[in-house]
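These notes concern the structure reproduced below.
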Amino acid sequence: GQQLNQSPQSMFIQEGEDVSMNCTSSSIFNTWLWYKQDPGEGPVLLIALYKAGELTSNGRLTAQFGITRKDSFLNISASIPSDVGIYFCAGRVNTGFQKLVFGTGTRLLVSP
Amino acid sequence: DVKVTQSSRYLVKRTGEKVFLECVQDMDHENMFWYRQDPGLGLRLIYFSYDVKMKEKGDIPEGYSVSREKKERFSLILESASTNQTSMYLCASTLGSGIGNNEQFFGPGTRLTVL
């Protein structure tokens, strides 16, 4: 199945730093979703994007739907230790059904 | 809040056993999904269902079957478990089609080990 290219694969940062990660695809998507997965848990939806160019925030998180509809990024500002986890992007292709394509994840580690 | 629950957090089974993984959602969602998650491979779709008694193959359906007899419940069945089916299994659901209704909500996962 198709996968999205998500980068970086992992990041190790200091508490208080800002973080940026992105996803790119060869296909056009009409929806981008960002999830966070804590160890041993299922992914939790953070932000949903539905329009090209859309910029949406959720607390310290900000995500954007790329103008080309083939990419999206997620920023986390002023990171804290509980931001640790794996962040996944997911895109929906316009196939008439809500099948999502997932990125391979960015593992974030935050040092206190 | 949407709640998606899975019957077990951890399961250990033997090769050849028949395994049932149950998923229940409490928000009257139309669509339900089963994924497996493996390191380096991300989430891969096994099967999905858009209505009671309806099912569609995902990207990796081999070795699995599903059952959706009631709207709120979607079961994943391993007819004869094999060691390569050791994985984290995630269930998800969505309200329906259309913008804003297709955000997938996930259960906590079932970590299955096949010995």
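This is a predicted model, so every value here is computed, not measured. In what follows, chains carry the letters A, B, and so on, assigned in the order in which the sequence lines appear, proteins first and then strands, with residues in each chain numbered from 1.
Using a 4.0 Å cut-off between charged nitrogen and carboxylate oxygen, A:R92 and B:E103 do not count as a salt-bridge pair.
At a 4.5 Å heavy-atom cutoff, the contact between B:Q37 and chain A is made by side-chain atoms alone. For A:Q9, no part sits under 4.5 Å from any heavy atom of chain B, backbone or side chain.
Criterion: ILVMFWY side-chain heavy atoms under 4.5 Å apart, direct or through other members. Under it, B:Y64 and B:L45 are not part of a common hydrophobic cluster. B:V4 is not connected to B:I46 by any chain of hydrophobic side-chain contacts under 4.5 Å among Ile, Leu, Val, Met, Phe, Trp and Tyr, and they are in different clusters. Side-chain heavy atoms closer than 4.5 Å link hydrophobic residues (I, L, V, M, F, W, Y) into clusters, and following such links, possibly through other members, connects A:I47 to A:Y87. Cluster membership check: B:V24 does not share its hydrophobic cluster with B:L112, using side-chain heavy-atom separations under 4.5 Å among Ile, Leu, Val, Met, Phe, Trp and Tyr. A continuous path of hydrophobic side-chain contacts links A:L45 to A:F102 [ILVMFWY only; heavy atoms under 4.5 Å].
The most heavy-atom pairs under 4.5 Å with chain B, out of A:G40, A:P43, A:A90, come from A:P43. The candidate with the highest count of non-hydrogen atom pairs below 4.5 Å against chain A, out of B:Q6, B:M88, B:R9, B:R111, is B:R9.
Under the 4.5 Å side-chain criterion, counting only non-hydrogen atoms from C-beta, B:Q104 is in contact with A:L100.
The only member of B:F106, B:F105, B:Y35 that meets ring pair (Phe, Tyr, Trp, His ring centres under 6.0 Å) when paired with A:Y35 is B:F106.
Distance check: A:E41 CD to B:L90 CG gives 10.5 Å after rounding to the nearest 0.5 Å.
Sorted by first then second residue, the disulfide bond (SG atoms under 2.5 Å apart) pairs that include residues 6-57 of chain A, not counting sequence neighbours, are A:C23-A:C89.
Inspection of non-hydrogen atoms places no residue of residues 53-63 of chain A under 4.5 Å from chain B.
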